[in-house]
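All heavy atoms count here, side chains included; hydrogens, waters and symmetry mates do not.
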Amino acid sequence: MMLKKILFFILFQLCLCYSQAQEPVSVHLTEKDGLPDKEFYNIIEDRKGFIWLAADKGLFRYDGKVFKNYSNQEKRGLSVFEPVEDQLGRIWCSNISGQFFYVEDDQLMTFIDLGKELNGELSDFVVTTEHLIVFTKYRIYYVDLLSKKVTTPYETTLAFGAPFEYNNDIFFGSFVNLCKLSNGYKKENLFEFELPKPKKNGEYNVNQKSKLFKLGSMLFFIREHNEKNRFFKLDLDKTQYAEIHDFELLANQRHLSYFENNGQLWVATQNGVLVYSYENEVFKLEKQFLQRYHVTKIIKDKDDNFWFTTLNNGVFVIPNIHIEQLNISEGNRNISNLEKIDNNTLFFGTNNGDVGFYDVINHTEDIIDLPSTARVSAIKHHSKEQLTFISKDDDGFLLDNKTKQVNVFNNFHGAKSLSIINNENLLFANYADVRLLDSNNFNKKGQDISSNKRTFTSFYDSEYKSTYIGFIDDLVIYDCDWKPKHIRNNDQSIFAISLTKTKNGMVWVATFKDGIYGIAHDKVVSHFTTENGLVSNRIENIKADGDTLWIATDKGIQLLDVETKKIKTLTKRDGIVSYDISGIEILDNTVVFSSNLGLFRIDKEKVFKTPIEHNVYFSQIEINEEATEVRPNYELDYDQNTINIEFNVNGFQFNQKGTYSYRLLGLNTDWVSAETGINSVKYNSLPAGNYTFQVKPVLDFESSDTTIKELKFSIERPFWKTWWFFSGLSFLVLGSTVLYYRRKIKQKEQQRQLEIKQLSLDNELINLKLENLRSQMNPHFIFNALNSIQEYIVLNQKILASIYLGKFADLIRTYLNHSTKGRITLQEEIDCLNMYLELEKLRFEDKLEYAIHSSGSLTTGEVYIPTMLIQPYVENALKHGLLHRKTDRVLKIDFFIKDKTKTVKCVIVDNGVGRDKAEAFKARKNKKHKSFATKATQDRLALLNYGKQKQVGVTIIDLFEGDQPSGTQVEINIPFTT
């Protein structure tokens with residue numbers, strides 16, 4: 001027995017080594033992918049393609065883009081277990097507190113609380129059309145789905161097993177019987193197990209429930225015995241069972257989960273996934289993967305993606321079991337070059353400076369020791385000579401494949417590309433030179449083909465004995481005599497980085513930004529870019545495989561059928577390890593890619609999945625930025641015309657590699673393609689009308705799903721575009737037009753009357769200006785001025801006469817000039833007053849003292865006041881106040897500029913005899929009439945103030961010293977403009 005265990009252990013270790021050598025590429029979903037937890041207990045896919053996860057932090061649904069959490073206020077704790085879909089499409093789950101929930105209308109609803117009955121036991125359950133059936137260790141509970149009535153029809157002193165649905169019946173086991181619930185879900189004992197019943201301290205000892213699983217049409221049973229798992233194959237027809245001894249690795253495992261895949265049994269364990277084949281009544285371990293993780297559940301979704309939940313490491317997805325990572329040691333995974341030796345052997349070079357052979361059958365690597373750690377820039381296998389050329393950044397080497405002996409290769413460093421010419425000579429191209437090395441002595445310098453020009457790649461076409469070389473600035477083809485010819489596309493240079501030839505004779509050129517070109521007879525005859533199928537125009541590498549072409553881009557790996565022009569795509573969501581592809585080699589039915597993350601291979605016959613129908617659905621509708629219920633038809637008001645439509649295809653891969661095409665019938669009929677990852681469209685300010693929005697999923701170029709999802713909505717016309725509004729508006733416009741013209745005629749008549757009145761006022765103002773001017777130029781003043789001039793002439797005082805005459809002329813000219821203006825600056829008014837007072841001072845024989853001052857925040861040159869306004873009041877002060885005083889005549893004029901009120905306050909103060917004595921003097925001279933200048937000024941003020949909010953105001957104050965008059969003060973408040 002001990003020898004058997006030792007042999008089995010050795011076999012197991014060999015199996016583990018094999019499993020580690022080639023493991024399906026998995027995608028690890030973590031927090032950076034939006035995964036909301038790391039501890040997961042179970043997973044299912046529902047009929048709509050949603051993935052449901054039972055986790056430590058709750059129940060989550062994944063639609064291919066977002067993980068959505070479902071909870072409610074009644075739920076105790078976070079963790080949930082055992083998601084189950086019922087016949088109505090509702091998702092059920094339970095928690096350790098004994099609560100049972102289901103999701104309906106996108107809400108988590110509490111169905112029943114069995115906390116007292118279950119007492120903290122985590123139970124299994126089944127949902128039928130009528131009942132929730134709960135399996136505990138010692139009882140089975142039936143809960144009516146309508147009345148929620150709880151019954152306990154079955155109990156045991158031994159443990160009931162977990163339920164298993166098989167052939168439309170519910171099976172479960174115990175230590176005594178295999179049981180079935182059928183015919184109204186009544187318990188039926190199928191047959192009894194004649195197995196020993198373990199006891200401990202006189203009682204039956206059962207640690208975990210028995211389980212069932214199936215493989216094809218076969219049913220298997222697991223039961224614990226002495227803390228070890230025992231496995232049995234069941235024959236229901238013969239009511240027999242037979243023990244299986246092929247699962248020694250699972251004997252001590254707990255919490256196993258079983259999954260059937262294409263005739264294989266996959267077992268989720270605490271040490272990863274074990275894959276068993278079943279032939280000739282024997283289970284054989286084929287491989288093990290994810291062995292560092294405690295896997296809790298395995299499912300395969302509708303797109304053939306395999307999902308693995310783990311206890312502490314999130315979720316893993318194997319998108320394609322036909323993409324495998326090969327067992328390259330950690331230090332040699334950054335591979336810079338790859339070369340095929342034969343169908344079983346590859347040769348690789350790394351950026352770390354190592355080279356080695358890799359056996360794809362036994363999955364072993366053989367590293368060749370080289371006396372240099374520089375990067376391997378190029379390698380080439382010479383099949384005829386059984387040699388491998390190795391070029392590094394600092395040196396070159398020649399490897400004998402048979403003896404594994406390495407020799408230094410002179411002048412062979414820094415190669416960008418190596419090609420075998422006519423199965424004999426070697427073409428060496430580096431950053432500066434292209435040389436042809438003779439096979440008789442490869443160590444000689446050889447024939448120079450090109451100098452002082454950087455190259456990227458080269459390729460020898462054995463059929464036409466021509467050589468293609470991709471230089472830094474052009475693609476050149478050389479004939480057998482090495483005569484060059486440039487190959488261009490529409491007279492534009494082609495920047496080649498990789499070259500290959502397909503079976504149809506076409507040479508294909510990969511570029512770093514322009515996609516790929518197909519060349520036939522030295523002419524470009526085909527060009528593929530993102531516009532006709534490529535996922536990117538930046539190409540990393542290409543390799544011909546018969547009539548197909550493998551294309552490695554920076555966004556995915558694609559396969560082009562050069563005859564049909566059909567393109568298939570693989571991305572990281574399909575299991576591609578890296579897009580940094582340094583080499584591609586074809587080995588029988590597999591293709592091996594080298595990358596910065598090691599080697600991986602694909603089964604080229606099986607890697608592309610059979611196209612399936614992708615169903616698109618509307619996930620959210622927003623009207624005027626507010627989410628609304630998703631329904632097939634909407635009737636909207638005229639102002640509900642901003643529509644945002646979100647759509648989705650459930651699944652792990654579609655939104656990472658597929659796209660959507662959409663159109664809005666009623667607005668346009670052309671299909672619009674959305675960018676990858678975009679699954680919404682927004683229409684702003686749509687006009688009134690009937691619309692049908694259509695969307696369809698597109699997975700591969702020129703291949704789209706025939707299913708089109710529609711959404712209809714109509715936008716009502718605004719009320720101002722309805723017939724009744726137009727009719728009412730027409731009457732309103734007609735009536736308004738009549739009223740408008742009647743009012744217009746009335747306004748014109750009023751305007752005409754106002755213009756007549758204004759014209760009258762203007763004429764009167766002109767007359768008043770003339771009268772005011774005449775008052776300023778009164779005959780007495782002119783006569784006195786001329787007499788003074790005459791006296792200066794008689795006394796032969798020619799200079800004084802000339803000065804006086806000049807000032808008099810200036811004053812007259814100024815008055816005439818001001819008479820044509822509506823306003824003047826305050827400074828102009830002050831200048832005019834100065835001229836006037838200088839002449840009057842001569843009249844008073846220099847017995848007159850006057851002073852003019854101004855103050856304020858604005859200068860006198862910035863302030864405009866009406867013309868001919870102040871001088872008459874100054875004249876009154878002289879004529880009626882100061883004239884009757886014989887000595888010490890004083891006149892003060894002050895201007896106060898007030899910026900806040902936009903007014904100028906003019907204060908005129910004289911020390912004359914006062915107004916009462918002046919009137920007495922006038923009476924003695926029989927001058928009963930009112931001063932002409934004063935009347936004209938008052939009339940002019942009335943005209944200036946007419947209709948104005950701010951008016952010119954005049955205040956006259958009599959001054960007294962004691963009871964005796966001492967003069968007069970005149971205050972004039974004048975609104976100013978600037």
- Message: If the condition is side chain to side chain contact (heavy atoms under 4.5 Å, CB included), which residues does Lys384 pass it with, not counting sequence neighbours?
- Response: His382, Asn423, Glu424

- Where does the angle between the aromatic ring planes of His527 and Tyr517 fall among parallel (under 30°), tilted (30 to 60°) and perpendicular (over 60°)? parallel

- Query: Is the backbone of Gly349 close enough, under 3.5 Å, to the side chain of Ser336 for a donor and an acceptor to pair up by distance?
  - Reply: yes

- Validation row, ring centre Phe456 to ring centre Phe512 under 6.0 Å: no

- Query: Sub-3.5 Å donor-acceptor pair from the side chain of Asn489 to the main-chain atoms of Gln492, do we have one?
  - Reply: no

- Message: Checking the side chain of Thr553 only, and the main-chain atoms of Val535 only, is there a donor and an acceptor separated by less than 3.5 Å?
- Response: no

- Message: Keeping Ser391 on the side-chain end and Ala415 on the backbone end, is there a donor-acceptor pair under 3.5 Å?
- Response: yes

- Any donor and acceptor pair, going by atom type alone, linking the side chain of Glu563 with main-chain N or O of Asp547 inside 3.5 Å? no

- Task: Using modelled atom types only, decide if a donor and an acceptor are shared between the side chain of Asn443 and the backbone of Asn410 within a distance under 3.5 Å.
- Result: yes

- Message: Could you check whether Lys566 pairs with Asp561 (Lys NZ or Arg NE/NH1/NH2 to Asp/Glu carboxylate O, under 4.0 Å)?
- Response: no

- Message: Closer than 3.5 angstrom, by distance alone: can the side chain of Asn352 be matched with the main-chain N or O of Gly331 as a donor-acceptor pair?
- Response: yes

- Note on the structure: In Asn541, Thr457, Thr511, the residue satisfying side-chain hydrogen bond (donor to acceptor under 3.5 Å, both in side chains) with Ser498 is Asn541

- Residue pair Phe412 / Leu426, side-chain heavy-atom distance below 4.5 Å: yes

- Task: Before accepting this row, confirm whether a basic side-chain N of the pair Glu324/Lys287 lies closer than 4.0 Å to the acidic partner's carboxylate O.
- Result: yes

- Query: Between Asp394 and Ser372, is a side chain to side chain donor-acceptor pair (under 3.5 Å) present by the stated rule, with each step listed?
  - Reply: CA-CA 8 Å; Asp394 62 353; Ser372 168; 3.0 Å; yes

- Item | Sub-4.5 Å side-chain heavy-atom contact between Asp438 and Lys444 | no

- Item | CA sep, side-chain torsions, deciding dist, call: Asp473, Lys453, salt bridge (charged side-chain N to carboxylate O under 4.0 Å, His left out) | CA-CA 9 Å; Asp473 59 353; Lys453 203 173 194 181; 3.3 Å; yes

- Message: What I'd like to find out is whether the side chain of Phe593 reaches to under 4.5 Å of the side chain of Ile576, using heavy atoms alone.
- Response: no

- Task: Compare all side-chain heavy atoms of Asn596 with those of Ser578 and state whether any distance is below 4.5 angstrom.
- Result: yes

- Message: Parallel, tilted or perpendicular: which one describes the rings of Phe389 and Phe442, with boundaries at 30° and 60°?
- Response: perpendicular

- Heavy atoms from other residues, nucleotides or ligands near CG of Asn668 exceed 12 (cutoff 6.0 Å): yes

- Residues, nucleotides or ligands: over 12 heavy atoms within 6.0 Å of Glu605 CD: yes

- Would you say Lys392's side chain and Gly353's backbone share a donor-acceptor pair under 3.5 angstrom? yes

- Message: For the residue pair Lys604 and Trp550, would you count it as a cation-pi contact if the rule is NZ or CZ under 6.0 angstrom from the ring centre and within 45 degrees of the ring axis?
- Response: no

- Message: Can you confirm whether Arg538 is buried at CZ, in the sense that more than 12 heavy atoms of other residues, nucleotides or ligands lie under 6.0 Å from that atom?
- Response: no

- Between the main-chain N or O of His322 and the side-chain N or O of Asp603, is there a donor-acceptor pair closer than 3.5 Å? no

- Task: Establish, yes or no, whether a centroid distance under 6.0 Å links the rings of Phe409 and Phe397.
- Result: no

- Query: Below 6.0 angstrom between ring centroids: does that apply to Phe647 and Tyr660?
  - Reply: yes

- Message: Given the ring of Phe357, does Lys404 sit roughly above its face, with NZ or CZ under 6.0 Å from the centre of the six-membered ring and within 45° of the axis?
- Response: yes

- Message: Pair Arg573, Gln653 - check side chain to side chain donor-acceptor pair (under 3.5 Å), show working.
- Response: CA-CA 6 Å; Arg573 279 288 170 136; Gln653 292 168 310; over 6 Å; no

- Message: Strictly distance-based, threshold 3.5 Å: is any side-chain N or O of Arg601 a donor or acceptor partner for the main-chain N or O of Leu326?
- Response: no

- Query: Roughly how far apart are Asn351 CG and Ser582 OG, rounded to 0.5 Å?
  - Reply: 8.0 Å

- Task: Establish, for the pair Lys555 and Tyr579, whether the NZ or CZ atom is under 6.0 angstrom from the six-membered ring centre and no further than 45 degrees off its axis.
- Result: no

- Item | Heavy-atom side-chain proximity of Phe347 to Leu399 below 4.5 angstrom | yes

- Is there a side chain to side chain donor-acceptor pair (under 3.5 Å) between Glu286 and Ser277 once you walk through the steps? CA-CA 7 Å; Glu286 296 292 341; Ser277 61; 2.7 Å; yes

- Message: As a quick check of understanding, evaluate side chain to side chain donor-acceptor pair (under 3.5 Å) for Asn320 and Asp574, giving each step before the final call.
- Response: CA-CA 6 Å; Asn320 200 315; Asp574 294 295; 5.5 Å; no

- Message: Over 60° means perpendicular and under 30° means parallel, so tell me whether Tyr464 and His521 are parallel, tilted or perpendicular.
- Response: perpendicular

- Query: Is there a side-chain contact between Pro319 and Val27, using heavy atoms and a 4.5 Å cut-off?
  - Reply: yes

- Message: Contact between His614 and Thr707 at the side-chain level, heavy atoms closer than 4.5 Å - yes or no?
- Response: no

- Task: Not counting sequence neighbours, which residues clear salt bridge (charged side-chain N to carboxylate O under 4.0 Å, His left out) with Asp522? List them please.
- Result: Lys485

